2 protein chains.
Amino acid sequence: MLRLSKLTDYAVVVLVRLSGMEGVQTSPGIAAATGIPEPTVAKVLKTLAASDLVSSQRGAKGGYRLNRKLSAIPIADVIAAVDGPIALTACVEGSTSECESQGLCPMRGRWDPVNDAIHSALSSITLADMQAAPLPAFRIHSSSMTRPQAVLQTAAE
Amino acid sequence: MLRLSKLTDYAVVVLVRLSGMEGVQTSPGIAAATGIPEPTVAKVLKTLAASDLVSSQRGAKGGYRLNRKLSAIPIADVIAAVDGPIALTACVEGSTSECESQGLCPMRGRWDPVNDAIHSALSSITLADMQAAPLPAFRIHSSSMTRPQAVLQTAAE
DNA sequence: CCAATCAGGACTACCCCAGTCCGGATAATC
DNA sequence: GATTATCCGGACTGGGGTAGTCCTGATTGG
């Protein structure tokens with residue numbers, strides 16, 4: 001199904017949220033604003049910090065801050081940061097000649113054009129594109145909602 | 001990691017193998033030729049038959065046959081047949097408004113451009129492209145191999 | 001010195017895929 | 001008509017990976 005992890009989903013949400021504010025933001029704060037569980041937000045942010053997508057400020061009054069503008073972050077970077085290198089098959093990703101059946105595996109290099117195509121497709125779309133995306137004419141209803149909603153309604157908070 | 005299932009891998013191998021022969025081929029035969037376990041080959045072929053990528057002939061002297069030429073089969077079709085519809089997020093695939101947190105989920109439609117990009121990328125590459133792919137200058141060594149190797153060395157058997 | 005926050009890892013529960021197997025239906029052959 | 005080879009469809013099970021939580025330590029401001 002070619003699915004990417006839910007964490008990547010969260011990462012996009014968190015990053016877009018970060019872009020909306022000026023100073024640093026704490027993970028509890030982001031968790032409250034997005035509705036994503038606090039530990040999970042922390043996990044995502046740590047991962048993103050490891051990939052230099054966000055900067056962290058430790059200690060009291062600390063928090064996270066976006067390093068680049070959304071328009072400078074291709075979605076491929078986010079996926080790579082959270083889900084690891086973008087590659088469709090296990091054969092391709094690094095472990096050269098580690099294929100279980102070297103002689104049998106006819107894939108060696110054969111998925112490369114596919115991987116390249118996907119990679120370039122994902123590199124051409126930035127978070128800004130996703131932020132300003134279609135966004136159907138649907139509005140957030142606060143009815144039957146108990147949690148602190150309002151994740152990012154068109155980034156204009 | 002954006003990985004697709006190993007079954008898709010197998011499907012490509014099986015389809016390329018099918019393209020090399022004229023008449024129908026049995027799943028045991030393909031299993032022997034490709035080194036893929038027999039039940040798995042059968043499973044893949046059944047799936048491919050359900051998506052009209054291959055035709056099946058039942059009964060004795062039966063088997064499978066390719067419906068279109070490799071050049072007419074985009075890899076997207078194979079992925080869709082084996083792994084289901086191509087969509088990156090769970091939100092997108094069908095279950096409309098089934099998102100666990102409707103108000104919270106800012107993804108609704110936002111991954112669409114990404115999905116579209118990937119879909120078109122995968123539609124532009126056919127099995128023929130993958131068959132005639134880079135194919136590094138490496139040859140199958142029969143040394144230290146016990147299983148029936150020779151999956152498809154450049155489709156010229 | 002204390003409180004708030006990030007850092008980094010370990011840990012667990014759950015879900016989905018991979019692979020197998022079985023009984024049934026179909027069709028060619030003898 | 002019986003037999004045999006093959007596909008059909010589903011159920012079943014085990015393993016791997018993700019999601020999510022938690023804990024201990026390091027850093028920094030009040």
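This is a predicted model, so every value here is computed, not measured. Order of the sequence lines sets the chain letters (A, B, ...), proteins ahead of strands, with each chain counted from 1.
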Say you draw a straight line from OG1 of B:Thr126 to CD1 of B:Ile75; how long is it, rounded to the nearest 0.5 Å?
9.0 Å
Using whole Å, what does the distance between atom P of nucleotide C:dT29 and atom CD of B:Gln57 come to?
11 Å
Let me confirm one number: the OG-CD1 distance from A:Ser27 to A:Ile36, rounded to the nearest 0.5 Å.
11.5 Å
Does a side-chain N or O from A:Thr40 land closer than 4.0 Å to OP1 or OP2 of D:dT21, or not?
yes
C:dT5 phosphate, OP1 or OP2, under 4.0 Å from A:Ser27 side-chain N/O
no
Integer-rounded Å distance: C:dA13 C1' and A:Lys6 NZ
14 Å
Rounded to whole Å, CD of B:Gln25 lies from P of D:dT6 at a distance of 12 Å
Send over the distance from A:Lys61 NZ to C:dA3 P, rounded to a whole Å.
18 Å
Could you tell me whether B:Leu45 contacts a base, only the sugar-phosphate backbone, or nothing, with contacts defined as non-hydrogen atoms closer than 4.0 Å?
nothing
Measuring only between side-chain heavy atoms, which start at C-beta, is A:Leu66 closer than 4.5 Å to A:Gln25?
no
Within this structure, what is the NZ-to-C1' distance between A:Lys43 and C:dG8, rounded to whole angstrom?
12 Å
Can you tell which of C:dA18, D:dA19, D:dC7 lies closest to the side chain of A:Ser5?
D:dA19
Comparing nearest nucleotides in DNA chain D, the 5'-proximal residue of the pair B:Gly62, A:Thr8 is B:Gly62
Less than 4.5 Å apart, side chain to side chain, heavy atoms only: is that true for B:Tyr64 and B:Val14?
no
Could you verify whether a donor N or O on one side chain and an acceptor N or O on the other, from B:Ser120 and B:Ser123, lie under 3.5 Å apart?
no
To the nearest angstrom, how far is B:Tyr64 atom OH from C:dT26 atom P?
15 Å
Is the phosphate of D:dT6 approached by B:Ser56 (side-chain N or O, under 4.0 Å from OP1 or OP2)?
no
Report the nucleotide, chosen from C:dA18, D:dT21, C:dG9, that has the shortest atom-to-atom distance to any side-chain atom of A:Lys46.
C:dG9
To the nearest Å, give me how far apart CG (A:Asp9) and C1' (D:dA19) are.
13 Å
Take A:Ala50 and A:Ala60, find for each the nucleotide of DNA chain C with the closest heavy atom, and name the residue whose nucleotide sits nearer the 5' end.
A:Ala60
Side-chain N or O of A:Tyr10 closer than 4.0 Å to phosphate OP1/OP2 of D:dA19:
no
Length of the CD-C1' vector between A:Glu38 and D:dA19, whole Å
16 Å
